[in-house]
Amino acid sequence: MSVYFLDRGPISRYGQVDYLINNACISKKGLLSECSYEDFEYVQRIGVTAPYYLTLRLKPYLAQGASIVNISSSRERMSQPDTESYTAAKGGIGALTHALSVSLAGKARVNAISPGWIDTTAYHGTEETPEPVHTEPDRLQHPAGRVGTPADIAAMMLFLCSEAAGFITGENITIDGGMGKQMIYHGDGGWTFRPGGQS
């Protein structure tokens, strides 16, 4: 959706912006895949620059008390190998969140959500009932006993956009089933460390 369309479409129709959700991002992998300068910059433009510019362009139309929700990721604070382009973008949107919350103080609240493992297979647009892409151990390793669903994120998004969250701004709320709080060492819960992935 172009910024021009937003200016001429929803703005001309409704006159103001009550809620803005910045969710777009992609991955071009990272160091181990020799992600190029151009590809790395492209991911940052989608994941960080676009939300900033969209907020800038829509700032004159933000309703008093508007809510902006940026979608970050648990990868902002933890990583797997070869994820630098995506991880950097999600770290950037997290930092942008608290910066915008201060700049827009008194006008709009700005928060972020950092999802963990979210099963989106039901939204891939296939005719058949999709099979989950996770296993029983995948589910049970989460302290919550399951992987997340889009509804988990949507519920928090709706809360952050509501008056009930009127005293919350500048926050980055992690929704990952407790995985980010689980300390794991070799031998814990049947988990074995294999250097280099070797058995």
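Sequence positions, counted from 1, serve as the residue numbers for this chain. Keep in mind the model is a prediction, meaning the values are calculated, not measured.
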Can you name the residues that form a salt bridge (charged side-chain N to carboxylate O under 4.0 Å, His left out) with Arg139, not counting sequence neighbours?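 Result, salt bridge (charged side-chain N to carboxylate O under 4.0 Å, His left out) vs Arg139: Glu136.
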
What residues form a salt bridge (charged side-chain N to carboxylate O under 4.0 Å, His left out) with Asp152, not counting sequence neighbours?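 Expected list: Arg146.
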
Distance from Ser74 atom OG to Ile118 atom CD1, nearest 0.5 Å?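 Atom-to-atom, Ser74:OG and Ile118:CD1 are 8.5 Å apart.
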
Could you measure the distance from the CE atom of Met78 to the OG1 atom of Thr87? Nearest 0.5 Å is fine.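 One finds 11.0 Å between CE of Met78 and OG1 of Thr87.
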
I'd like to check the side-chain contact (heavy atoms from CB on, under 4.5 Å) partners of [X]; sequence neighbours left out, ordered by chain and number.
{"X": "Asp119", "result": "Thr121, Pro132, Val133, His134, Val147"}
{"X": "Gln80", "result": "Arg75, Thr83"}
{"X": "Pro81", "result": "Leu32"}
{"X": "Tyr42", "result": "Ile26, Lys28, Arg45, Ile46"}

For [X] and [Y], work out which heavy atoms get closest and say how close.
{"X": "Ser101", "Y": "Gly170", "value": "OG-CA, 3.4 Å"}
{"X": "Cys161", "Y": "Ser67", "value": "CA-OG, 3.7 Å"}
{"X": "Phe40", "Y": "Cys35", "value": "N-SG, 3.6 Å"}

Residue pairs passing the salt bridge (charged side-chain N to carboxylate O under 4.0 Å, His left out) test where at least one lies in residues 104-116, sequence neighbours excluded: none

Tell me which pairs pass side-chain hydrogen bond (donor to acceptor under 3.5 Å, both in side chains) where either residue lies in residues 159-177, with sequence neighbours left out. Glu76-Asn172, Arg77-Thr174, Ser114-Asn172

Among pairs that include at least one residue of residues 180-190, which meet side-chain hydrogen bond (donor to acceptor under 3.5 Å, both in side chains), considering only residues two or more places apart or in two chains? none

Taking the hydrophobic residues Ile, Leu, Val, Met, Phe, Trp and Tyr, and joining any pair whose side-chain heavy atoms are under 4.5 Å apart, which ones share a cluster with Met179? none

Residues in side chain to side chain donor-acceptor pair (under 3.5 Å) contact with Asp18, at least two apart in sequence or another chain: Gln16

Below 3.5 Å, can you tabulate the donor-acceptor pairs from side chains in residues 89-98 to any protein atom, sequence neighbours excluded?
from	atom 1	to	atom 2	distance (Å)
Lys90	NZ	Ile71	O	2.9
Thr97	OG1	Asn70	ND2	2.9
Thr97	OG1	Ile93	O	2.7

